Amino acid sequence: MVNAVDIKKVIAIGGSDPSGGAGIQADIKTLEELGVYAYTALAAVTVQNSKGVKSYDVLSAKFLRDQIEAILDDTKVHGVKTGMLGSSENVMEIAYLVSGQMIENSIIDPVIKANDGKMLVPEASITVLKKRLLPYCFMITPNINEAEWLTGINIRNVDDFVGAAKALKETGVEWVLVKGGHLEGGKAIDLLFDGKNEYYFETDKIPIKNVRGTGCMMASAICAFLTQGMQVYDAVGKAKTYVANKIKKAVLLGKGSLQAIHSFNEGELSEDRTD
Ligand code: PLP
């Protein structure tokens, strides 16, 4: 039996994806599957399906703050995971929240573009994120494209990888996880960096490319595992395995990219990926 006081709680802050592949919906499904209660606050609402993002509206910083305050007024949360924030003002709201030490285990997935290339945040908010938010955060989890945007470094090999991780570490964030799944070559290499030690996670690439929401799932899983007391290296390793399994089992529900499935037990899904 689970005692309510033992339940770990995470607030996911980001954009809604009505097709459930990415964004807040992917966060909720991941957190709950991993045994963590998912609170949410919406920063933006997107119009999208498996074929891509059509449009979006960004909610006001005041409205975002009200949602977060409603939760924090009511309960203690053990972690925060952010995704699409949509505006500089919304980034600042999260900066107030994290710098005020109201929540620990802050994991920032710096969502900048959708898979189809559509910008999901104004360019100016990227500087605000680096200067005002990251100095107070526990971890940032960019993929290569996001790391390039954030640092201006072209990432072509592992040396560039280290350069980008070091540049991001200089913002003051405690941990940097650069995810190299999109690098050329047969291996997927991720680099976890704390300013001193470089930890590499090397796995064979899974030959399935078009699964949405992998970044959301990864950051949510890391946050969940940290709230459950896992060490950083172990939390990242376990989150990687979790996401890899989701990619392997993803199915085609719409007409575009594949969807990760959270609601069935392993083995219930056939190898046939189509509906
Ligand atoms: N959040 C929202 C609302 C999105 O629409 C997207 C991508 O389209 C993302 C986050 C990032 O998705 P991914 O996990 O694939 O990087």
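Every number for a ligand or one of its atoms is a count from 1 in the order of the listing. Predicted model only: the values in this text are computed from it and were never measured. Starting from 1, each residue takes its place in the sequence as its number.
Electrostatic pairing of Glu148 and Arg156 counts as a salt bridge here, judged by a charged N lying under 4.0 Å from a carboxylate O.
At least one donor-acceptor pair under 3.5 Å links the side chain of Asp190 to the backbone N or O of Gly180.
The Gly15 neighbourhood of ligand 1 comprises atoms 3 (C), with distances under 4.0 Å to a heavy atom of that residue. Listed by number with element, the atoms of ligand 1 under 4.0 Å from a non-hydrogen atom of Gly213 are 13 (P), 14 (O), 15 (O). Distances below 4.0 Å separate heavy atoms of Thr46 from the following atoms of ligand 1: 3 (C). Of all atoms in ligand 1, numbered sequentially from 1 with element shown, those under 4.0 Å from a heavy atom of Gln48 are 4 (C), 5 (O), 8 (O). Taking every heavy atom of Leu120 and a limit of under 4.0 angstrom, the matching atoms of ligand 1 come to 4 (C), 5 (O), 6 (C), 7 (C), 8 (O). Per-residue contacts place Thr214 under 4.0 angstrom from the following atoms of ligand 1 (heavy atoms of the residue considered): 14 (O), 15 (O).
The line from CD1 of Ile222 to CE of Met230 is 11.5 Å long, rounded to the nearest 0.5 Å.
The residue Asp109 has no part lying near ligand 1, judged by heavy-atom distances below 4.0 Å. Neither the backbone nor the side chain of Asp17 has any atom closer than 4.0 Å to an atom of ligand 1 (non-hydrogen atoms only). If you look at Ala22 next to ligand 1, the close heavy atoms, those under 4.0 Å, all belong to the side chain. At a 4.0 Å heavy-atom cut-off, ligand 1 does not touch Met217 at all.
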Could you walk me through whether Phe201 and Tyr199 pass the ring pair (Phe, Tyr, Trp, His ring centres under 6.0 Å) test, one step at a time?
-> CA-CA 7 Å; Phe201 296 84; Tyr199 303 97; 7.6 Å; no
Residues Trp175, Phe138; criterion side chain to side chain contact (heavy atoms under 4.5 Å, CB included); working and verdict = CA-CA 6 Å; Trp175 290 86; Phe138 189 68; 3.6 Å; yes
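Side-chain contact, Lys9 with Thr75: a donor N or O sits under 3.5 Å from an acceptor N or O. When only modelled atom types and interatomic distance are considered, Arg132 and Ser88 share no side-chain donor-acceptor pair under 3.5 Å.
Aromatic rings of Tyr242 and Phe225 (six-membered ring for Trp) have centroids beyond the 6.0 Å cut-off, not under it.
Given atom 1 (N) of ligand 1, the protein heavy atom at minimum distance is Gly23 CA, 3.4 Å.
Here's the thing with Gly215: one of its N/O atoms is less than 3.5 angstrom from an N/O atom of ligand 1.
Annotation: side chain of Lys246 is in contact with side chain of Glu33 (closest heavy-atom distance under 4.5 Å).
Residue nearest to atom 11 (C) of ligand 1, selected from Pro110, Pro18, Cys216, Ala114: Cys216 (by heavy-atom distance).
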